[in-house]
Amino acid sequence: MRLTCPHCGERDLREFAARGSAVVLSRPSAGASAEEWADYLHIRDNPAGEARDLFYHTPCGLWIEVTRSTITHAVIAARPVREAKP
Amino acid sequence: MRYSGARVILEGLRGQRGWRPAWREPAPKSDYDIVIIGGGGHGLSTAYYLAREHGAKSVAVLERGWLGSGNIGRNTTIVRANYYLPGNSEFYSHSLKMWEGLERELNYNVMHSQRGLINLFHSDGQRDAFARRGNAMANQGDDAILLDRDGVRKHLPYLDFDNPRFPVYGGLLHPRGGTARHDAVAWGYARAADRRGVDLIQNCEVTGIDVQNGRVTGLQTTRGSIRAKKVGIVVAGRSSQVAAMAGLRLPIESHVLQAFVTEGLKPVINHVVSFGMGHFYISQSDKGGLVFGGDIDFYPSYAQRGNLPMAEHVMEAAMTLMPVIGQARVLRSWGGIMDMTPDGSPIIDKTGIDGLYIDCGWNYGGFKAVPASGFAFAHLIAQDRPHRIAERFRLDRFTTGRGLMDEEGTGAQHNLH
Ligand SMILES: Cc1cc2nc3c(=O)[nH]c(=O)nc-3n(C[C@H](O)[C@H](O)[C@H](O)COP(=O)(O)OP(=O)(O)OC[C@H]3O[C@@H](n4cnc5c(N)ncnc54)[C@H](O)[C@@H]3O)c2cc1C
Ligand SMILES: [Zn+2]
């Protein structure tokens with residue numbers, strides 16, 4: 001698996017830290033119920049196929065959202081987290 | 001056919017013509033009382049204890065590949081009871097006791113070898129943590145001995161004790177820890193379940209779960225529909241997909257864990273050894289290969305193979321701890337799909353749908369759990385209430401927040417275990 005940092009281009013996987021599912025970008029609002037929080041924190045679709053995950057590019061400090069296949073490890077897209085829609 | 005030393009000699013004299021297949025290959029029936037989805041270690045042991053402990057007469061195990069094609073045949077075979085938290089501690093303690101009688105119970109040589117497990121520590125803080133863990137193990141009735149540096153040296157003279165960054169301070173020895181032959185555990189349970197009338201159905205993938213009025217009624221499979229009064233889901237890394245067939249969403253992410261084996265060598269590593277400062281643990285198989293591994297790759301994956309950074313990390317940690325390993329050549333590496341929960345502890349529970357039960361979330365530690373998990377899951381399915389050794393493995397702990405068991409103390413959150 002090779003990842004492309006939007007700042008630095010295609011880089012060695014060792015430069016990236018995997019930071020979990022991109023669902024954490026959709027943080028519940030302050031008044032959300034306990035169920036919504038539990039869902040957000042713990043429950044996952046866990047798709048076998050296309051998934052969105054967060055990675056941190058250690059050398060440049062950019063958080064990126066990577067769309068990839070969990071079956072083949074093919075990387076489909078990568079963009080800065082600030083451009084990712086929650 | 002009972003296996004015994006006499007039988008081996010007799011068959012030797014008769015030209016090995018008397019052996020029979022270890023289990024039948026029945027076609028699926030249209031109807032069962034209980035169907036277990038998944039023919040891994042946990043599914044097979046569940047079926048066995050359903051028949052053995054609860055007298056279940058009409059049980060089938062449906063496996064989409066061949067028996068033992070999943071994690072049960074991919075793990076690094078370590079069996080131990082050195083857990084710390086209530087919930088885990090009594091469960092794994094019970095499991096280890098079951099291991100100690102397993103070969104007689106199954107009439108099958110699973111090559112269970114209690115060669116001793118040593119967790120190394122490399123700082124004062126780690127020593128305190130392991131002393132505390134050892135006390136918890138002793139309180140549970142299991143065995144733990146805190147070794148100082150010289151104590152470790154007697155057992156593991158080949159370590160680099162004076163590595164400048166990670167000197168060895170000592171280790172926690174768990175004498176009853178060890179290894180077993182993973183395939184043999186699957187085969188032993190399969191044969192024993194078959195002998196008690198369980199239908200083991202291979203190449204049969206479950207594609208749908210039928211639910212009517214909140215109650216499970218049967219399954220759709222690649223070998224036709226099968227009616228069932230009760231269904232147990234035990235599919236490890238595939239738990240989320242199979243549970244989704246019944247409309248359930250789980251607190252699980254599937255991750256890849258890699259393992260490695262070297263060419264066969266003469267006996268050199270007599271224990272199971274784990275490094276305390278990097279992700280690395282090792283044992284030597286009876287065939288002579290050094291079997292070792294580390295941590296998950298940390299991104300969700302169903303690929304059953306990993307990437308090179310974790311392989312490199314594991315090799316670096318190995319060379320740091322035991323430079324002698326640099327002379328061995330790696331023969332193979334592979335990966336398995338781990339069903340990771342946020343707190344690193346498993347789930348054995350009802351699902352909210354009547355007659356549908358789930359056993360999952362074994363993370364990277366479910367091999368040692370095979371006997372007790374099957375035992376407890378069979379109890380839950382047959383009696384509709386949890387067995388006391390597994391009553392804390394609740395599905396709803398992730399919703400209520402009560403009873404989370406974060407054994408590693410990293411925080412009960414995905415991506416941290
Ligand atoms: C590299 C590695 C090292 C490990 N090391 C250790 C260790 O040292 N000690 C330890 O205790 N644990 C270890 N583990 C963990 C342990 O192997 C697992 O937790 C355990 O095997 C999982 O339970 P299982 O045996 O039932 O899983 P599996 O053998 O994976 O069984 C699940 C079965 O379900 C089947 N299935 C899936 N979907 C369907 C469907 N739709 N229909 C029908 N069947 C289906 C699969 O084909 C599979 O055979 C390790 C795992 C790996 C990968
Ligand atoms: Zn970058």
Side-chain angles (χ1 to χ4, degrees), chain A residues 1-5 10-28 32-59 63-78 81 84, chain B residues 235-244 247-256 295-313 316 335 337-345 347 360-361 395-402 404 406 411-417:
Chain A
M1 195 159 89
R2 303 267 292 169
L3 294 181
T4 302
C5 169
E10 194 181 81
R11 305 291 302 175
D12 191 314
L13 193 56
R14 284 174 294 190
E15 294 182 357
F16 297 88
R19 304 307 289 159
S21 170
V23 297
V24 300
L25 298 176
S26 328
R27 198 177 166 81
S33 66
E35 284 72 31
E36 281 172 281
W37 277 105
D39 204 76
Y40 165 77
L41 282 171
H42 298 311
I43 309 297
R44 294 287 178 266
D45 286 334
N46 197 19
E50 209 171 291
R52 294 186 306 128
D53 301 301
L54 302 182
F55 285 84
Y56 178 72
H57 192 214
T58 314
W63 283 80
I64 57 177
E65 183 215 54
V66 177
T67 307
R68 40 172 212 111
S69 163
T70 57
I71 297 174
T72 62
H73 292 168
V75 176
I76 298 157
V81 154
Chain B
V235 291
R238 288 276 165 184
S239 296
S240 299
Q241 275 81 46
V242 176
L248 303 169
R249 293 174 74 229
L250 299 176
I252 290 204
E253 280 187 3
S254 295
H255 285 256
V256 57
D295 214 338
I296 54 172
D297 275 27
F298 281 107
Y299 47 82
S301 170
Y302 288 86
Q304 293 197 117
R305 62 172 189 277
N307 273 289
L308 289 172
M310 186 49 77
E312 181 180 49
H313 173 92
E316 281 173 355
I337 316 172
M338 320 303 327
D339 35 339
M340 306 296 293
T341 54
D343 65 354
S345 293
I347 295 162
C360 65
L395 179 57
D396 71 0
R397 67 180 186 270
F398 301 100
T399 316
T400 63
R402 274 193 298 277
L404 292 170
D406 175 15
Q413 195 180 313
H414 284 297
N415 200 51
L416 294 181
H417 291 272

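Below, read A as the first sequence line, B as the second, and so on, with proteins coming before strands; counting in each chain starts at 1.
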| B:L308, CG: over 12 other non-hydrogen atoms inside 6.0 angstrom | no

| task | Answer yes or no: are there more than 12 heavy-atom neighbours, outside A:R2 itself, under 6.0 Å from its atom CZ? | result | yes

| said: Quick one: does any side-chain atom of B:N307 pair with a main-chain N or O of A:M1 as donor and acceptor, under 3.5 Å? | reply: yes

| message | Is it the case that the side chain of B:N415 and the backbone of A:S21 share a donor-acceptor pair, with hydrogens and angles ignored and the cut-off at 3.5 Å? | response | no

| Reported CD1-to-NE2 distance for the pair A:I43 and B:H414, which is rounded to 0.5 angstrom | 7.0 Å

| Can you tell me how far the NE2 atom of A:H42 sits from the OG1 atom of B:T341, to the nearest 0.5 Å? | 10.0 Å

| Side chain / backbone / both / neither for A:D45 at chain B, heavy atoms under 4.5 Å | both

| task | Could you look at A:A51 and say if it's the side chain, the backbone, both or neither that has a heavy atom under 4.5 Å from chain B? | result | neither

Contact class of [X] relative to chain A, heavy atoms under 4.5 angstrom:
{"X": "B:E312", "value": "side chain"}
{"X": "B:L250", "value": "backbone"}
{"X": "B:E253", "value": "both"}

| request: Against chain A, work out which of B:G306, B:S301, B:G401, B:A412 has the most heavy-atom pairs shorter than 4.5 Å and name it. | output: B:S301

| task | Look at B:R305, B:M310, B:R238 and state which one has the largest set of heavy-atom pairs under 4.5 Å with chain A. | result | B:R305

| Based on non-hydrogen pairs under 4.5 Å, which of A:L41, A:V24, A:L13 is most in contact with chain B? | A:L13

| said: With heavy-atom distances below 4.5 Å as the criterion, would you say the side chains of B:P300 and A:R68 are in contact? | reply: yes

Minimum heavy-atom separation for [X] and [Y], please, with both atom names.
{"X": "A:N46", "Y": "B:Y302", "result": "O-OH, 2.7 Å"}
{"X": "B:F398", "Y": "A:A38", "result": "O-CB, 3.5 Å"}
{"X": "A:R44", "Y": "B:R249", "result": "C-NH2, 4.3 Å"}
{"X": "A:H73", "Y": "B:A303", "result": "NE2-CB, 3.4 Å"}

